[in-house]
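For reference, the structure is listed below as C-alpha cells.
This structure is a prediction, so every number in the text was calculated from the model and none was measured. Every chain is numbered from 1, with letters handed out A, B, ... down the list of sequences.
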Amino acid sequence: MNTETTPGPDFIRQIVASDVAAGKHGGRVQTRFPPEPNGYLHIGHAKAICLDFGIAEEFGGKCYLRFDDTNPGKEGVEFVEAIKRDVHWLGFDWEERLTHASDYFARLDELAIHLIENGKAYVDHLTPEEIREYRGTLKEPGRNSPYRDRSVAENLELYAAMKRGRFAEGECVLRARIDMASPNMNLRDPTLYRIRKVAHQRTGEEWCIYPMYDFAHTLSDALEGTTHSLCSLEFEDHRPLYDWFLDNLPVPHRPQQIEFSRLNLMFTQMSKRRLKQLVDERWVESWDDPRMPTLAAFRRRGYTPESIRDFIRRAGVTKKENVIELGLLENCIREDLNERASRRFAVLRPLKVVIDNYPEDAEEWLEAANHPNRPELGSRQVPFSREILIEREDFMEDPPKKFHRLKPGGEVRLRYGYIVKCESVVKDAAGNVVEVRCSYDPATRSGAGGEARKVKGTIHWLSARHAARAEVRLYDRLFAVPYPTGEDLREEINPASLEIVEDAAIEPALADPGDERFQFERLGYFYADPALSKPGRPVFNRTVTLRDSWARIEQQALSG
RNA sequence: UGGGGUGUAGCCAAGCGGUAAGGCAACGGGUUUUGAUCCCGUGAUUCGCAGGUUCGAAUCCUGCCACCCCAGCCA
C-alpha cells in the first residue's frame with residue numbers, strides 16, 4: 001500500500017548510516033524519546049517518536065522511552081500513563097527500556113560534585129532577578145556573579161547544605177562556571193540545580209534539589225548509552241553546552257545531538273501550553289476531544305496509527321521550518337480507510353420518500369457489497385420497503401445545472417436497489433418539502449440484470465421502518481485561521497468545529513459497530529466513539545469526509 | 001558586524017559540480033450503481049537575490065536580503 005514511494009533517507013538517517021559504516025560507537029545505534037510528563041502527546045511528537053523508534057529499528061538498535069521528570073509539580077503520573085498508551089498505540093515498543101531522568105538523580109549528584117571539585121561549578125546566592133541582570137543581553141556580555149570565585153571547599157559545603165534543605169527555594173542555585181561573556185547565552189554559567197521543596201512523583205521527598213534540563217538530559221543520554229540524541233531545532237544553541245558537559249565530566253558514552261525541525265500543521269496549534277489552555281478554558285471537552293491534535297484525540301476520532309505514521313513519513317525530516325497542509329494528513333487517513341473500511345448506509349438528515357407503486361407491507365432484502373473494489377470482504381443484506389429515507393441534500397426542488405440527484409420529474413438509482421422517479425412533493429405550511437412521492441421501476445432492481453438502464457445519479461437510502469438511530473458528530477478544523485498564534489482564541493477558534501447530529505438514521509447492521517471503522521457511503525469515514533457510545537445507541541465520530549468534487553462544481557454552478 | 005539556523009512549485013521534499021526525483025494540492029481526460037475509489041495526462045529554462053570560479057553551478061566562493069531560535073531557578 002504505502003510502499004510505492006519510499007522517500008530516500010533523510011539527513012539524520014544519512015548521518016546514522018555513515019556513523020554505523022565508520023564503526024562509530026562500535027557500530028551501535030541507540031536513541032531515546034524523552035517526553036516531559038506534563039501534557040498529552042500530539043502529532044508533532046509523533047514525528048519525534050517515529051524518528052527515534054524508527055531509526056533504532058532500522059539500524060538494529062534500541063530506543064528508550066525516558067521520562068524527563070526533573071520538574072516536580074508540573075508533572076504527573078496521569079500524563080506518563082497517557083504517554084505510554086499513545087506510544088504503544090502508534091505502534092512502538094520500548095520493551096524493558098522504560099527509564100526516567102529521576103533514575104539518575106544519584107549519579108547526577110555525583111557528577112555535580114565532580115564539577116564543583118574541579119572548580120567548574122559553584123553555588124550562587126544571587127536572587128533570580130539578579131541572575132537575570134548579571135546575565136547581560138543578547139548583544140552585551142554578562143558579568144560574573146560575586147559568588148563565582150568561592151573556593152571548592154566552600155562550594156562543596158554549600159551544595160551539601162542545599163541538598164540537606166538548609167536553604168529556601170530561590171535562595172541559591174548551583175551553576176556551571178563557563179563564560180559570562182559568551183555570545184551563546186546558554187554558556188553564561190547555566191543553572192544546574194535549583195531548590196524545589198515539593199514531592200516528586202517517583203522519588204518523593206528524597207530530594208529537595210532538582211537538576212535542570214541541560215544537565216539532566218545530556219547526562220541521562222550519556223549514562224544510558226544514547227548514540228544519537230535527536231531533538232528539535234530550538235536546542236541547536238544548547239549543543240555547545242551539551243558537548244561541554246561531555247567534555248568536562250567522566251561519562252561512559254559520548255552521544256551526538258542532532259536537531260531537526262518540528263512538525264507544524266496548518267489550522268492547528270501545537271504548543272503544549274496552548275493545548276492545555278484549550279482544555280482548561282473549556283474550548284474543547286478534554287485532551288482527547290476529537291478536534292485536538294493529540295494522539296489520543298486522533299485515536300478517538302478514528303485515525304489509524306498506520307495513517308499517522310504514513311503522514312509523518314511523507315512529511316519528511318529536515319532542518320527547515322515547515323507548516324504542512326491539512327490535506328496531506330487527510331489524504332493519508334482516506335487512503336488507509338478507503339482500503340480497509342467496510343461500507344454502510346447512514347442518512348444524517350433524513351427526508352421521507354414514499355414509493356407509491358411499491359406494495360404497502362412488502363419488504364425485501366437487497367444485497368449490498370461491503371467494499372466495491374474488494375469482493376473478498378463480502379456483503380450484507382439491507383432492507384427495502386415502501387417508505388425510505390434519503391439525505392435532504394439529495395433532493396432539490398429547483399436544482400442548479402449538473403445536479404445528478406433527485407429533482408421533480410427526475411430519476412435516480414437507489415444504490416443496490418431500484419431506479420425511482422420523483423412524481424411530486426409534499427410541503428408543510430411554511431413551504432418546506434417534508435416528503436417526496438416517487439414511483440419505482442421494478443425492472444431495474446440491482447443484480448437481476450437491472451443494471452441495463454443507466455441514470456446519472458446514485459444515492460444512498462434507508463428503509464424508514466427498519467432504520468436504527470445514532471448520534472453523529474461532525475468535526476471541522478478547530479481553528480479558523482491557517483496560522484493560529486493561540487494568542488486570542490476568541491478570534492482564532494472556529495465556532496463551527498463541532499456539529500452534533502442527534503438523530504441520524506443508520507442501517508440495522510450499524511447499531512452495534514464495536515471497534516470497526518466504516519465508510520458511510522457518500523458521507524465519509526466514521527468510528528464509534530469508545531467513550532460516548534452505549535449498547536444499541538452508538539455515537540459516531542466522523543473521522544474525515546470523502547473527497548467532494550461536487551462541492552466545487554456546485555460552487556461554480558451557483559456562482560456562474 | 002551578538003550567537004545559532006534556514007531559504008528548490010501553493011504545501012512538503014529529493015538533489016552532495018554533469019544539465020531540476022517524488023508526494024500532497026490544483027487543473028484536464030477516461031472508467032464507475034459512492035460526484036468516492038481507480039487510471040491517464042499537465043507544471044521550475046530554473047533552485048532567496050547579485051556577482052565570481054568552472055567547459056559545466058541548485059550544488060564551490062564572495063557579498064547582500066528574508067525568515068526562525070536564544071536573555072526560565074521550564075523543557
Side-chain angles (χ1 to χ4, degrees), chain A residues 4-8 10 14 34-36 38 68 70-71 74 124 126-128 131-133 135-142 169-175 182-188 191-196 209-210 212-214 216-217 231-240 259 261 266 272-273 313-332 334-335 338-339 343 345 369 371-373 402-405 412-417 419 444 446 450-451 454-460 519-524 545-554:
Chain A
E4 70 286 82
T5 53
T6 304
D10 55 72
Q14 289 178 28
E36 182 186 15
N38 67 345
D68 214 335
T70 55
N71 193 3
K74 282 192 177 174
D124 194 349
L126 249 26
T127 65
I131 286 186
R132 194 180 349 104
E133 286 161 23
R135 188 154 30 227
T137 69
L138 293 178
K139 293 186 178 177
E140 301 157 25
E169 281 191 21
E171 201 175 335
C172 57
V173 292
L174 182 72
R175 289 230 257 168
S182 173
N184 182 341
M185 299 296 278
N186 296 117
L187 262 19
R188 318 247 263 229
T191 301
L192 266 24
Y193 271 93
R194 79 290 215 183
I195 297 165
R196 279 279 176 286
I209 60 169
Y210 291 92
M212 297 288 289
Y213 164 81
D214 291 291
H217 181 81
C231 63
S232 44
L233 248 30
E234 67 269 30
F235 295 104
E236 221 153 9
D237 286 347
H238 294 238
R239 183 158 18 98
E259 310 85 11
S261 53
M266 283 179 99
K272 250 196 233 179
R273 178 169 154 243
R313 188 183 61 82
R314 294 197 205 202
V317 182
T318 64
K319 298 187 70 148
K320 198 186 136 205
E321 297 285 350
N322 61 81
V323 187
I324 296 173
E325 290 176 338
L326 251 17
L328 185 65
L329 212 210
E330 292 179 347
N331 173 73
C332 289
R334 283 194 190 111
E335 194 172 278
N338 175 53
E339 189 64 24
R343 269 74 282 221
F345 286 166
H371 193 120
N373 309 324
K402 296 182 189 165
F403 182 81
H404 296 160
R405 290 116 92 152
V412 283
R413 174 173 288 280
L414 298 176
R415 175 144 235 234
Y416 297 122
I419 290 176
T444 56
S446 285
E451 297 83 352
K454 301 277 185 193
V455 287
K456 272 282 178 56
T458 299
I459 63 174
H460 61 282
Q519 183 195 99
F520 292 178
E521 292 209 22
R522 306 210 301 133
L523 297 175
T545 62
L546 256 31
R547 279 185 73 217
D548 184 6
S549 52
W550 165 246
R552 274 196 302 274
I553 297 167
E554 188 181 33

query = Just by distance, do the side chain of A:R343 and the backbone of A:E521 share a donor-acceptor pair under 3.5 Å?
reply = no

ask   = Is the distance from OP1 or OP2 of B:rC12 to the nearest side-chain N or O of A:R313 less than 4.0 Å?
value = no

note = Comparing nearest nucleotides in RNA chain B, the 5'-proximal residue of the pair A:I324, A:L138 is A:L138

ask   = So does A:K454 get a side-chain nitrogen or oxygen closer than 4.0 Å to the phosphate oxygens (OP1/OP2) of B:rU32?
value = no

request  = By nearest nucleotide on RNA chain B, pick out whichever of A:V317 and A:G417 is the more 5' one.
outcome  = A:V317

query = Syn or anti for B:rG48, with syn set at within 90° of 0?
reply = anti

ask   = With a 4.0 Å cut-off on heavy atoms, is A:R132 in touch with a base, just the backbone sugar-phosphate, or nothing at all?
value = sugar-phosphate

query = If you look at every strand shown and take non-hydrogen atoms under 4.0 Å, does A:R552 touch a base, only sugar-phosphate, or nothing?
reply = sugar-phosphate

task = Name the nucleic acid region contacted by A:N373, choosing base, sugar-phosphate or nothing; use a 4.0 angstrom heavy-atom cut-off, strictly under.
result = base

key: Base paired to B:rG7 (Watson-Crick or G-U; both N/O distances under 3.5 angstrom)   = B:rC65

query = Contact class for A:T70 (heavy atom, under 4.0 Å): base, sugar-phosphate, or nothing?
reply = sugar-phosphate

query = With respect to the phosphate group of B:rA75, does any side-chain polar atom (N or O) of A:K74 fall under 4.0 Å of OP1 or OP2?
reply = no

query = With a non-hydrogen cut-off below 4.0 angstrom, is A:M212 in contact with a base, only sugar-phosphate, or nothing?
reply = sugar-phosphate

note = Checking N1-N3 plus N6-O4 or O6-N4 for Watson-Crick, or N1-O2 and O6-N3 for wobble, each under 3.5 Å, the partner of B:rC74 is none

